[in-house]
Amino acid sequence: MAQTIQQQLVYYTKQAVKELYGADMPENQIALQETRKEFDGQITIVVFPITRFSKKAPEATGTEIGVYLQQRIPEMTAFGTIKGFLNISLSDSYWISLFSTQIVQEGFGIFPANGRKLMVEYSSPNTNKPLHLGHIRNNLLGHSVSEILKAYGYDVIKANLVNDRGIHICKSMLAWQRWGNGETPSSSGLKGDHLVGKYYVVFDKEYKKEINELKAQGQSEDEAKKNAPIIREAQRMLQKWEAGDQEVITLWKTMNGWVYAGFEQTYGRLGVRFDRYYYESDTYLLGKDIIQEGLDKGVFFKKEDNSIWIDLTNEGLDEKLVLRGDGTSVYITQDLGTAQLKYDDFGMDESIYVVGNEQDYHFKVLFLILKKLGKPWANGLYHLSYGMVDLPTGKMKSREGTVVDADDLMDEMTDTARRRTEELGKTEGLSEDEKAQLYHMIGMGALKYFLLKVEPKKRLLFDPNESIDFQGHTGPFIQYTHARIKSVLSKGAFTDSLPLLSPPSLAPSERDLIQVLGNYPMIIEASAKEFSPAQLANYVYEVAKQYNKFYHEESITKAEDAEVRNFRLYLSETTARTIAKGMGLLGVEVPERM
RNA sequence: GCGCCAAUAGCUCAGUUGGAUAGAGCAACGGUUUUCUAAACCGUCGGUCUCAGGUUCGAAUCCUGAUUGGCGUACCA
């Protein structure tokens, strides 16, 4: 492939430094950036680093480099040096040809397969309660990161490790057994996960009541928590489960079945999918052989009570228990085993865990242990840590009912989308089906974009009293832009067979749009490397914004010259495709009209 | 106590390997439609980038220390 203009600029700048100043400047010190809007030009070379070699003032140096470059790069029409910044203007014909030969191509920004396999584990719900807003963030992040990595050339496996066993499930089961009166999703009309969640709350109420009674009898908080009859009963149930008790297993299967049916619906609405499910009921006993391996290798050590530990104090961490004294597993034991299992199953080069930042320490330890065990694949592990979703009142807590329920929120979003669309009178000629589809698309677009535009690492504030916007820097704005372009294309009778002609010159907003569109591959690369859908989300907004500016300033279908008209139609069509592709990687669909 | 993370406009957020006068959206105010969708566009207002030092030609960005908030530091997951 031919050299890009950026590569040429770097190359010739290096040559210029050599010829003019007799110095060898490393290429990575040559800093290019986009020219700020208030100055002429499109690309800027920062001159300051060069003055080290020129031993001259920034202005003089910039001008000398500028003259040198202009003599050698025909696309360069002008330059200006302002306060140490060499601003370079490129000819309209350069931008036109960049668009016509590259950006317009179907494959622009699609990276070839890189031959590497990668797993993204996300969602990983507990099966004792329905999903809430925090889970939505996790699911959207996991899904979007997977799609971005696919676009970047990875072979991606999406995995979901379902926490389907344990004391929390038994709590729901026990409460249902006692107070459920045989209630089922069909008898109650409740979605399965909500039904099970209801009994989780029932359990907690009763548990608290018993704790208070015991405290009234003089027990301490800790004692009461341990001694409450209902929690002891739940623990007995867990033991029965582990022993394979038929009755308990049957109930467990039934209630988990309800939950899975509910989750499938929610996943469907969210538009997330998985290639592989792992269940903790299958994996919770794994990892003990790894413990033995670690003992043999001298990575772990045994204490007097037979508990097994790893000493990470040299790494600035603590001693960490990896197996209980009675030989049973802890959380990290199964995670060690599951990591090995996943690798045995797929042999992937990299493995991403999408898990909240409350588990930063856990993953640090997990990865470190696997490295110390000499697992060659341990270097490919990465914890994609994201911030909690907080309410103005603080953290969401399932048991206290202060959660924003996923299904309710999606209903609300769709409803708002319907109201707004009707207010704007944009439903004419749509069938009921099409309307429903559109409202879902817009509502989910608003929600998803709202969550994904924020850097994963940062915590996210959600105020239930303030509805998510549909205007400005939002999903619907971008969706609207797409629909608007589609309308232009149909008015302009655009088809692939229309000849792509070259206009004699470009309007400023037109040239800016081409420049923004040209950044798409860079953005995919950056988002993939940093596992950050937020970068892509903000980029797509920029594209939409720049298009709207262009749309307002210039005529498209009404342009007088055929060259200009055709070119602008292609520019519009490419913008629509870029928006659709980018939003697609975020898991957001875009409508043909709205 | 120790560790990790965050702090940018009234609010929600951007800000590339350190580069120009720190940018968007919302909110507020004003303007734009006989012309391709006004969920749009243009403008006004709004900043001690938490604070104090340091490194540098240059710091929101890097280093040190503090402040505030969150999380972790369980033989819980």
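Residue numbers start from 1 in every chain, and the chains themselves are labelled A, B, ... in the order their sequence lines are given, proteins ahead of strands. All heavy atoms count here, side chains included; hydrogens, waters and symmetry mates do not.
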If you look only at distance, which donor and acceptor atoms sit under 3.5 Å apart when one is on a side chain in residues 444-457 of chain A and the other is two or more places apart or in another chain?
| residue | atom | partner | partner atom | Å |
| --- | --- | --- | --- | --- |
| A:Lys448 | NZ | A:Leu270 | O | 2.7 |
| A:Lys448 | NZ | A:Gly587 | O | 2.6 |
| A:Tyr449 | OH | A:His473 | NE2 | 3.0 |
| A:Tyr449 | OH | A:Ala537 | O | 2.6 |
| A:Lys453 | NZ | A:His473 | O | 3.3 |
| A:Glu455 | OE1 | A:Ser532 | OG | 3.4 |
| A:Glu455 | OE2 | A:Ser532 | OG | 3.1 |

In whole Å, measure the gap between the [atom1] atoms of [N] and [M] for me.
{"N": "B:A60", "M": "B:U16", "atom1": "P", "value": "12 Å"}
{"N": "B:G69", "M": "B:C42", "atom1": "P", "value": "41 Å"}
{"N": "B:A6", "M": "B:C13", "atom1": "C1'", "value": "14 Å"}
{"N": "B:G25", "M": "B:C49", "atom1": "P", "value": "22 Å"}
{"N": "B:U55", "M": "B:U12", "atom1": "P", "value": "36 Å"}
{"N": "B:C36", "M": "B:U44", "atom1": "C1'", "value": "30 Å"}
{"N": "B:U17", "M": "B:U61", "atom1": "P", "value": "14 Å"}
{"N": "B:A74", "M": "B:G15", "atom1": "C1'", "value": "40 Å"}

Can you check the [X] [atom1] to [N] [atom2] distance for me, whole Å?
{"X": "A:Phe39", "N": "B:G19", "atom1": "CZ", "atom2": "C1'", "value": "12 Å"}
{"X": "A:Glu560", "N": "B:C36", "atom1": "CD", "atom2": "P", "value": "16 Å"}
{"X": "A:Tyr449", "N": "B:A14", "atom1": "OH", "atom2": "P", "value": "11 Å"}
{"X": "A:Glu34", "N": "B:G23", "atom1": "CD", "atom2": "P", "value": "15 Å"}
{"X": "A:Ile332", "N": "B:U73", "atom1": "CD1", "atom2": "P", "value": "11 Å"}
{"X": "A:Ile50", "N": "B:C57", "atom1": "CD1", "atom2": "C1'", "value": "14 Å"}
{"X": "A:Ile169", "N": "B:C76", "atom1": "CD1", "atom2": "P", "value": "18 Å"}
{"X": "A:Asn465", "N": "B:C11", "atom1": "CG", "atom2": "P", "value": "17 Å"}

Next on the checklist: Among residues 518-543 of chain A, which ones have heavy-atom contacts with RNA chain B below 4.0 Å?
Outcome noted: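 Here the set is A:Tyr541.
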
Item to check | Any residue of residues 562-570 of chain A with a heavy atom less than 4.0 Å from an atom of RNA chain B | outcome: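 None - not one residue of the stretch has a heavy atom sitting under 4.0 Å from the strand.
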
Next on the checklist: We want to know whether A:Glu530 and A:Gln535 form a side-chain donor-acceptor pair, criterion being a heavy-atom distance below 3.5 angstrom.
Outcome noted: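 Distance-only check passes for A:Glu530 and A:Gln535.
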
Checklist entry - For residues A:Thr81 and A:Asn87, is any side-chain donor paired with an opposing acceptor at under 3.5 Å? => result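 No, no side-chain donor-acceptor pair sits under 3.5 Å.
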
For [N], which nucleotide is its Watson-Crick or G-U wobble mate, given both distances must be under 3.5 Å?
{"N": "B:G18", "answer": "none"}
{"N": "B:G1", "answer": "B:U73"}
{"N": "B:C29", "answer": "B:G43"}

Checklist entry - Given the side-chain rings of A:Tyr284 and A:Tyr331, with only the six-membered ring counted for Trp, is the space between their centroids under 6.0 Å? => result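 That pair fails the under 6.0 Å test.
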
So, using ring pair (Phe, Tyr, Trp, His ring centres under 6.0 Å) as the criterion, who are the partners of [X] when residues are at least two apart?
{"X": "A:Phe39", "result": "none"}
{"X": "A:Phe494", "result": "A:Tyr570"}
{"X": "A:Phe477", "result": "A:Tyr541"}
{"X": "A:Phe462", "result": "none"}

What does the list of N/O pairs under 3.5 Å between the protein and nucleotides 44-46 of chain B look like, with a distance for each?
none

Measure from the side chain of [X], starting at C-beta and using heavy atoms only, and say which of [options] lies closest.
{"X": "A:Arg36", "options": "B:A77, B:G19, B:A22", "result": "B:A22"}
{"X": "A:Lys83", "options": "B:A20, B:C4, B:C13", "result": "B:A20"}
{"X": "A:Lys558", "options": "B:U35, B:A77, B:U73", "result": "B:U35"}

Next on the checklist: More than 12 heavy atoms of other residues, nucleotides or ligands under 6.0 Å from CG of A:Asp40: yes or no?
Outcome noted: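 Open: at most 12 neighbouring heavy atoms sit under 6.0 Å from CG of A:Asp40.
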
Next on the checklist: For A:Lys225, I'd like to know if atom NZ has over 12 heavy atoms of other residues, nucleotides or ligands within 6.0 Å.
Outcome noted: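 No, because the 6.0 Å sphere around NZ of A:Lys225 holds 12 heavy atoms or fewer from other groups.
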
Next on the checklist: Would A:Tyr382 and A:Tyr353 count as a ring pair (Phe, Tyr, Trp, His ring centres under 6.0 Å) here? Give the steps.
Outcome noted: CA-CA 6 Å; A:Tyr382 182 79; A:Tyr353 293 78; 9.8 Å; no

Next on the checklist: Just verifying a value: how many Å separate A:Ile167 CD1 and A:Asn128 CG, rounded to the nearest 0.5 Å?
Outcome noted: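 Answer rounded to 0.5 Å: 11.0 Å.
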
Next on the checklist: With salt bridge (charged side-chain N to carboxylate O under 4.0 Å, His left out) as the rule and sequence neighbours excluded, what pairs involving residues 312-325 of chain A come up?
Outcome noted: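 Residue pairs with at least one partner in residues 312-325 of chain A: A:Lys303-A:Glu319, A:Glu315-A:Lys372.
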
Checklist entry - Using centres under 5.5 Å plus planes under 30 degrees as the test, is A:Phe85 stacked with B:A20? => result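 One would call A:Phe85 stacked on the B:A20 base.
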
Item to check | Presence of A:Lys320 side-chain N/O under 4.0 Å of B:U73 phosphate oxygens OP1/OP2 | outcome: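 Looking at the OP1 and OP2 atoms of B:U73, neither is under 4.0 Å from any side-chain N or O of A:Lys320.
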
Next on the checklist: Counting only side-chain nitrogens and oxygens, does A:Thr557 get under 4.0 Å of the OP1 or OP2 atom of B:C36?
Outcome noted: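 Checking A:Thr557 against B:C36: no side-chain N or O falls below 4.0 Å of OP1 or OP2.
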
Item to check | Geometric class of the A:Tyr547/A:Phe550 ring pair [parallel <30°, tilted 30-60°, perpendicular >60°] | outcome: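 Aromatic pair A:Phe550/A:Tyr547 classed perpendicular.
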
Checklist entry - Does the A:Arg419 side chain pair with the main chain of A:Thr414, one donor and one acceptor, at a distance under 3.5 Å? => result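 Not a single qualifying donor-acceptor pair exists.
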
Checklist entry - Is there a donor-acceptor pair under 3.5 Å between the side chain of A:Lys288 and the backbone N or O of A:Leu285? => result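 No; judged by distance alone, with no hydrogens or angles, the pair does not exist.
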
Do any N or O atoms of the protein come closer than 3.5 Å to N or O atoms of nucleotides 38-43 of chain B, and which pairs are they?
| residue | atom | partner | partner atom | Å |
| --- | --- | --- | --- | --- |
| B:A38 | OP2 | A:Arg484 | NH2 | 2.3 |
| B:A39 | OP1 | A:Lys426 | NZ | 2.8 |
| B:A39 | N7 | A:Lys426 | NZ | 3.4 |
| B:A39 | N6 | A:Thr421 | OG1 | 3.1 |
| B:A40 | OP1 | A:Gly472 | N | 2.9 |
| B:A40 | O2' | A:Arg484 | NH1 | 3.0 |
| B:A40 | O2' | A:His552 | NE2 | 3.2 |
| B:C41 | O4' | A:His552 | NE2 | 3.2 |
| B:C42 | OP1 | A:Lys549 | NZ | 3.3 |

Item to check | Lys/Arg N to Asp/Glu carboxylate O, A:Glu64 vs A:Lys56, below 4.0 Å | outcome: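 A salt bridge links A:Glu64 with A:Lys56.
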
Pick out the pairs of N or O atoms, protein on one side and nucleotides 5-10 of chain B on the other, that lie under 3.5 Å.
| residue | atom | partner | partner atom | Å |
| --- | --- | --- | --- | --- |
| B:A6 | OP1 | A:Lys457 | NZ | 2.6 |
| B:A7 | OP1 | A:Lys458 | NZ | 2.9 |

Next on the checklist: Can you list everything that forms a salt bridge (Lys or Arg N to Asp or Glu O under 4.0 Å) with A:Glu434? Sequence neighbours excluded, please.
Outcome noted: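 So A:Glu434 forms no salt bridge (Lys or Arg N to Asp or Glu O under 4.0 Å) with any residue.
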
Next on the checklist: Mind checking if A:Glu554 touches a base, just sugar-phosphate, or nothing, with heavy atoms under 4.0 Å?
Outcome noted: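 Base contact - A:Glu554 has a heavy atom under 4.0 Å of at least one base atom.
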
